[in-house]
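What follows is a set of notes on a single structure, which appears directly below.
Naming: A, B, ... by sequence-line order, numbering from 1 per chain.
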Amino acid sequence: MQQTEQISFDFYKETPQIVGEANEEIKLKLGEFAGPLDLLLYLIKQEQANIFDIPIARITDEYLRYIRLMESFDITIAGDFLVMAATLIEIKSKMLLPREIFADAEEDFADPRQELVDRLLEYEKFKSAAQMLYERTTVEQAVFTRGQIESDENNAEVNATVFDLLNVFQKILARHKEEIQLEIQREEITLAEMLKQIKKRIFKEKELSLLKFFNEMHTKRELVTAFIAVLEIVRTESVKLLQNKTFGDIILRKV
Amino acid sequence: MEVETEEKQPRSIGELVAIIEALIFVADEPLTVKILAEVLEEDRETIQSAVEELKQEYDERESGLQLREIAGGWQISTRTEFHEEVRRFLKTRPSAKLSLAALETLAVIAYKQPVTVPEILEIRGVQSASAIKTLLDKRLIIAKGRKETVGRPMQYGTSKDFLIQFGLKDLSELPSIEDFEDLVQ
Amino acid sequence: MEVETEEKQPRSIGELVAIIEALIFVADEPLTVKILAEVLEEDRETIQSAVEELKQEYDERESGLQLREIAGGWQISTRTEFHEEVRRFLKTRPSAKLSLAALETLAVIAYKQPVTVPEILEIRGVQSASAIKTLLDKRLIIAKGRKETVGRPMQYGTSKDFLIQFGLKDLSELPSIEDFEDLVQ
């Protein structure tokens, strides 16, 4: 099937809700709010408040209550939720200032809530747009494109974007690093370890083909170590070097 | 592009419609009138009217397939009515969920493109980095150059895959963001 | 497989023909009457006659597609008359598509340019000669003079076409590792 990965998302099911229970306990339903603005909008609706005249004290209390509740459930609270909490408290305190202060300069009086209201209205538009996108995907999921045909198979290629380039480059670098590390590990085989390895092999297999053994070495340094180890072992242990024909394989055999 | 320039026999419109159908079928993504015109060495108007004739043909046939304009091109796909049977046959389940955060971020990017990470934060009021990463991985958004401002942040916009997956001819088909104002409240 | 066993409304023959067309279209391989009968829970005779009706429809339409019986099953394919156009289209369509090997090589060249073949080998750990040829053919990379070192190997860098195809104004717009880290956090 040609279909690219499909998107599905149950907009309604995953939209979080706080459900008030009889005993005034607040219960969290599955899901999380998409952000502090999302939570605020929810609380405003819950209170059936007018978005242009937000009862800031009540909403702030509710908001903080929710944050505390999240804390008590050990839900990590994104910093952005705390920033909003601070903003709300600030607005609340400004609202408490006696209006008379502004009475003289009526025109300069700006509702401390105004900026927040603007943000909420702006945000809510995009939230609706997100829902529209969600609905579109459900329609699109009812449409399928053709199955694989021959010409696709000759064309097993990727359609690349710049981020693919970066991704791929990072993967290559990671792979490269791994190889270097392996290399280092291999090179760290000491003469003593090499001797131990050869002895073990001869003991187990009675004899060892040097051609085969040297082929197992990955680096020049390893090969040199292996060579010295073989000389050493012939000198110190009861093993013999056998060669059937000139330039043929040399066998290391236990005596 | 080498093209054998034999003397071109003029194609009948019926023949042209048929060839276009064959090409749209083999193409692995929506095929634009522009490409069709280039490949077939016909002018765009001729291709355009041939495509429209094909479209009408598909609409009139009560068949299992439809010809759709999507992502600036044309594509043959199954008709929505039969999605249940098709899904049952392919044994596909709707998968790869987009989170609420990712959908919101995508909405902001779709309407505000090109847009930077800080600008998205401004609208959503919450960090959107992981949502952006998801959207990039799913190829729904792409980098759209850097913004000439402090730090030259990367800008993002929607991709062709976005149009395809959301069944849009082009971005102008998105309802205007101001239309959503009426829905607010 | 769960199947909602609501009382099955009998399908009209026209509907059945349409559904069969949709299923043959989405299938990766020729679809047998047997499988169709199972998926649609109809008996084989019904399916057989519906398929034949579909076949007749395809034959009567003078379209770019045909319904063929192949390997014991049914398949939609382009009509043989148009194979030349189809082949030419598949060959000439402009494509930003790259094999993984080519993409890897391009990534190394983009981020390390100017870079020589031995240096690319060093980083990728694999020979890249044919990938480099592909990239040169696609004009995504160009030779950038020789390196003043043993053997004076040729150095490669990305081309103007590379910038165009990847939608970059200039190389500074390539996403950096830092851009990416911002997203991964």
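Note on B/I142, B/I20, B/V17, B/I76: by heavy-atom pairs under 4.5 Å with chain C, the leading option is B/I76. Ranked by heavy-atom pairs under 4.5 Å with chain B, the first of C/S172, C/S77, C/G14, C/A27 is C/S172.
A donor-acceptor contact shorter than 3.5 Å is absent between the side chain of C/K112 and the backbone of C/I120. Checking side-chain atoms of C/R146 against main-chain N and O of C/R152 turns up a donor-acceptor pair under 3.5 Å.
In this view, B/E69 and B/K169 satisfy the salt bridge (Lys or Arg N to Asp or Glu O under 4.0 Å) rule, not counting sequence neighbours. By the salt bridge (Lys or Arg N to Asp or Glu O under 4.0 Å) test, C/R124 is found to be paired with C/E104, residues two or more places apart in sequence or in another chain being considered.
Of the two parts of C/E57, only the side chain, counted from C-beta on, holds a non-hydrogen atom closer than 4.5 Å to a non-hydrogen atom of chain B. Only the side chain of C/L31 has a heavy atom closer than 4.5 Å to any heavy atom of chain B. For a residue to count as touching a neighbouring chain, one of its non-hydrogen atoms must lie under 4.5 Å from one of that chain's; by this rule C/L168 does not touch chain B. For chain C, no part of B/R79 is nearby; none of its heavy atoms comes within less than 4.5 Å. Contacts of B/E62 with chain C are made by backbone atoms alone, with heavy-atom separations under 4.5 Å and no side-chain atom involved.
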B/E15 vs C/E81, test: side chain to side chain contact (heavy atoms under 4.5 Å, CB included). Steps then yes/no. CA-CA 10 Å; B/E15 204 182 353; C/E81 299 95 283; over 6 Å; no

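Summarising the geometry of C/A37 relative to C/D43, their closest heavy-atom pair is CB-C, 4.4 Å, with the distance given to 0.1 Å.
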